[in-house]
Amino acid sequence: MASVLTLAACGGGGGQTAQTGQPPAATGGGKQQVEVFSWWTGPGEADGLQAMRKIFEEQNPSYTFFDAAVAGGSGDKAKALLQSKLQANTPPDTFQGHAGAELQGYIKAGNLEDLTSLYDELKLKDVFPAQLVEQISVEGKIYSVPVNIHRSNVLWFNPAVLKEAGVAAAPKTIEEFLAALEKVKAKGKIPLSIGSEWTVTHLMESVLLGTLGTDAYNALFNPGADWNSAQVTAALENFAKIMTYAGDPQDDWQPAAKQVADGEAAFNVMGDWAYGYFHNPPQGGLGKASKTDFDWAPAPGTEGTYLWLSDSFTLPKGAKNREGAMAWLKVAASKEGQDAFNPKKGSIPARKDADQSLYTDYLADALKDWSGNKLAGSIQHGVAVNQPWLASINEAVGLYIGSKDVKALQQALADAATANAQ
Ligand code: GAL
């Protein structure tokens with residue numbers, strides 16, 4: 001517990017106290033605070049949250065927003081702290097969780113309140129895609145408010161670095177990708193930038209999808225799926241080859257993405273939150289020029305498939321400020337809230353009736369692909385596997401980074417599936 005709280009204290013950005021992990025007492029002026037827990041503290045990430053916060057504060061003058069965000073991309077530190085808060089029955093008023101298996105875990109553990117009446121009141125079933133509502137429901141009850149759809153399988157690249165290396169276009173297949181990585185290496189640039197350990201699992205999911213194809217990828221998460229198959233071996237061998245072109249691991253996803261935008265590296269496979277970071281004006285983002293400083297394509301072999309995930313906000317049982325949390329959820333559910341949040345976050349809205357004119361450049365491509373592509377669920381970001389399963393996958397990938405042993409990686413992934421697939 002102590003170490004988890006220390007993580008929060010140094011990573012916070014939200015002002016939690018080192019001793020308790022709790023927000024400071026209510027601020028003056030009789031306002032009640034609403035503790036909103038996420039991991040959107042870093043460059044690019046925080047911009048979207050701040051945009052939604054602004055609307056919340058305008059619409060709810062009697063509440064103050066308490067930003068309980070804990071730094072660390074993909075929630076690698078936040079989720080551990082959240083778990084300890086839930087166990088200690090001191091939940092935040094609302095927290096971010098991923099639609100799919102991750103959220104189902106919180107629901108089954110009895111951590112969340114049923115939000116069906118909010119859905120009825122705001123007629124939300126009409127505005128969210130039915131397949132998304134299914135991912136956040138159990139036995140017909142709905143447990144969270146999705147704010148966005150993110151895409152995991154994006155290949156970001158620096159056009160000038162590709163040109164210099166003689167790579168004419170973004171690689172469409174894994175073979176083309178390997179050939180392009182080799183050409184960049186020959187020019188002395190970093191072929192592929194990577195960040196902390198979770199970004200390697202993130203890369204691996206795109207390589208699994210790009211090698212196996214959508215149906216075989218999706219089938220990996222069914223009970224009894226064969227992770228020891230020759231196809232999975234081939235996918236992991238591709239992953240191993242690609243990893244030989246990786247640069248020095250950076251601290252998190254932002255510095256790895258920045259190597260591409262700065263022309264130090266050619267490629268980075270990262271979710272489309274990287275778009276917010278590249279594009280947003282300096283302070284929050286890098287203020288880089290789209291198509292000149294950075295460009296994008298589906299990760300090799302994955303064109304036509306949206307490897308998706310969705311951030312959603314919840315109402316934990318025992319929230320201190322339940323009414324304040326409901327007020328936050330109403331903003332998160334609203335067209336206005338989603339249209340403020342998503343263009344900054346680098347995601348498309350979960351709502352079907354958003355103002356499409358706000359989604360330009362990369363985001364216009366994303367909207368088009370979301371409506372026409374096949375779907376596959378992200379591993380690293382909570383759709384396809386639950387938290388214990390993801391922890392085992394992360395551990396297997398972490399060991400692989402040291403050992404480079406593909407056979408051991410495959411066996412560990414197969415064992416994780418056997419232990420966790422339901
Ligand atoms: C994901 C999350 C995104 C983004 C990313 C990087 O798990 O869904 O919204 O924050 O992590 O931190």
Side-chain angles (χ1 to χ4, degrees), residues 11-14 36-52 67-82 94-103 105-106 132 135-136 144-154 156 193-206 250-258 268-280 284-285 306-314 332 338 341-350 363 366 377-387 390-391 393-394:
V36 178
F37 189 96
S38 76
W39 52 87
W40 298 328
T41 64
E45 308 254 60
D47 291 359
L49 185 63
Q50 294 313 321
M52 201 148 70
D67 187 352
V70 175
S74 188
D76 58 350
K77 300 183 184 64
K79 285 194 234 166
L81 176 67
L82 177 63
T94 178
F95 67 85
Q96 170 206 350
H98 289 121
E102 181 182 312
L103 203 87
Y106 294 121
L132 181 55
Q135 300 283 338
I136 53 176
S144 78
V145 171
V147 280
N148 67 0
I149 305 291
H150 266 307
R151 186 174 194 170
S152 159
N153 59 326
V154 188
W156 302 99
S193 62
I194 52 160
S196 44
E197 269 180 30
W198 71 264
T199 72
V200 180
T201 304
H202 184 107
L203 169 69
M204 186 178 76
E205 70 182 36
S206 267
Q250 304 296 297
D251 281 349
D252 207 334
W253 67 267
Q254 289 99 334
K258 190 168 185 296
N268 179 237
V269 174
M270 191 36 61
D272 48 9
W273 42 91
Y275 177 73
Y277 177 50
F278 289 141
H279 170 82
N280 291 351
Y306 216 95
L307 188 52
W308 74 279
L309 60 123
S310 170
D311 296 313
S312 71
F313 280 96
T314 58
Q338 299 212 351
F341 174 77
N342 287 298
K344 292 275 178 204
K345 185 68 171 62
S347 39
I348 55 173
L363 294 174
S378 167
I379 296 173
Q380 176 60 36
H381 308 284
V383 181
V385 303
N386 60 19
Q387 291 280 96
L390 177 60
I393 293 174
N394 287 156

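Atoms within each ligand, like the ligands themselves, are counted from 1 in listed order. Remember, predicted model here, so these are calculated numbers, not experimental data.
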Residue contacts for ligand 1, heavy atom to ligand atom, distance under 4.0 Å: W39, W40, E45, G73, S74, H98, H150, W253, W273, L309, D311, K345, H381

Sequence neighbours excluded - salt bridge (charged side-chain N to carboxylate O under 4.0 Å, His left out) pairs with any residue from residues 37-51: E45-K345

Between CH2 on residue W308 and CG on residue N148, distance to nearest 0.5 Å: 10.5 Å

Centroid separation W40 to F341 less than 6.0 Å: yes

Salt bridge (charged side-chain N to carboxylate O under 4.0 Å, His left out) against E205, all qualifying residues, sequence neighbours excluded: none

Pair S74, Q380: side-chain N/O donor-acceptor within cut-off below 3.5 Å: yes

Residues that K79 engages under salt bridge (charged side-chain N to carboxylate O under 4.0 Å, His left out), provided they are two or more places apart: E102

